[in-house]
Amino acid sequence: MFDESKKLFEEAKKYIVGGVNSPVRAFKSVGIDPIFIKNAKGAYLYSEDDRQFIDYVSSFGPNILGHANNTIVNKVKAALENGFTYGACTKAEVDLAKRIVETFDSVELTRFVNSGTEAVMSAIRLARGFTQRENCLKFKGCYHGHYDGMLVGAGSGAATFGVPTSKGVIEDIAKHTLICEYNDFDAVKKIFQDYGHTIACVIVEPIAANMGVVLPKPGFLQFLRDITYQYNSLLIFDEVITGFRACYGGIQTLENIKPDLTILGKIIGGGFPLAMYGGNRDIMSLVSPEGPVYQAGTLSGNPIAVQAGIATLDMLKNTNPYNQLKLNTQILVSRTMGLANTYDIPLSENSFGSCFTFFFTENKPTNYPEVLKSNERLFKNFFLGMIKRGIYFAPSQFEANFLSTAHTKKDIEITINAAEEIFKELKDAKFIV
Ligand SMILES: *Cc1c(COP(=O)(O)O)cnc(C)c1O
């Protein structure tokens, strides 16, 4: 079915490590070779095998307006004529920064970088510089990019200090990252009692979307805000996925909680490499050249990505598609859940705005250990059944899926019908790989 992709993957492996430029693209957990994409438009991907897919991956988040949105294409084309990068200041980067500052109450000053990873690394450095403390608290299952200090997991047993989850991350760095389960109030309280005076910052996805979607329990984010105030630690909201996903703003806008630092990426670049960290003037003024915390970037705020970002934000603001996106997502999610029930498939879901994950387990996961209870074999069957029918879900149980404004009612209907066929096959056990 995917002969051309297969051929290209063999070729890719000769020149690119693992044949991919980011690990999840290798499709390891679904047991097939990756599909090579030739082009994309609106809600659809087209593979090198000339097959069409309804795309729910959305490049893992940026494409809220669908692929190759005409307005963005035209803005970027116009920008290209003016040069791609100058290593100098531009009016456009001011325009984009102004939009973000006017939208996020917690952000007075911004700094643009090229990836979420870079923004996280810089924000944590800044938090350490500001507080003169060394430790950082993160939550299991939250992903904050691949900066050394974030490739850290819990040590064995009662150990509090983190251990590396990647070779090449040294223990001396990992031990400065403390780890708690997401939504575990008591564990956070305990860590603050023991180490509060050493904690520079708590970093959290205000809705977790990198272990699949996991929602914060009621009060959890406010609790993090309160305890970080109490101990003079900074609170960092990593809104790389959630920023501009559920409303024009972030989860902080919806929940009315002001973190000290905010990280944005994905949607704000409109599909181009652009991310940001920002916060109030007191803290941000420590960043170079204003202050002693160094951070720089050759392509930071480059005019092409910035134009794509401005075009994206302006369309989101002017068309306000959020209610419709949410409605469409709820139709897809709730009808699929109903079908799972009909065919006795253990399924739960977590969703917000236009972002959702189906978990093949009875109970809605609230943290990483609960996510891990999902039946990966059922997930794999679901994924492969969808691919066979021209529907492209994230190739891992532990990822979020996204709707865009380009997805039509018909696309959603096709997806629901495919889910029914797959669930029926699974019930009849005709399709267990
Ligand atoms: C994607 C993501 C990152 C990393 O961003 P990159 O641009 O891939 O480096 C960081 N945090 C969250 C919450 C993300 O979803």
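Note that ligands are numbered from 1 as they come in the structure, with each ligand's atoms numbered from 1 the same way. Position 1 is the first residue of the sequence; numbering continues from there. Computed from a predicted structure; not experimentally measured.
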- Query: Any idea which residues sit under 4.0 Å from ligand 1, heavy-atom distances?
  - Reply: Ser115, Gly116, Thr117, Tyr143, His144, Gly145, Glu205, Asn210, Asp238, Val240, Ile241, Lys266
- Message: Once side-chain contact (heavy atoms from CB on, under 4.5 Å) is applied, do any residues pair with Lys77, and if so which ones, sequence neighbours excluded?
- Response: Val73
- Task: Kindly write out the residues that satisfy side-chain contact (heavy atoms from CB on, under 4.5 Å) with Pro346, not counting sequence neighbours, or none if the list is empty.
- Result: Glu362, Leu378
- Query: What distance do Thr71 atom OG1 and Asp314 atom CG have between them, rounded to the nearest 0.5 Å?
  - Reply: 10.5 Å
With a cut-off of 3.5 Å and sequence neighbours excluded, list every side-chain donor-acceptor pair involving residues 270-279.
from: Tyr277; atom 1: OH; to: Gln295; atom 2: OE1; distance (Å): 2.8

- Report the relative orientation of the aromatic rings in Phe393 and Phe358; use parallel for angles under 30°, tilted for 30 to 60°, perpendicular for over 60°. tilted
- Salt bridge between Lys190 and Asp194, side-chain N to carboxylate O under 4.0 Å? yes
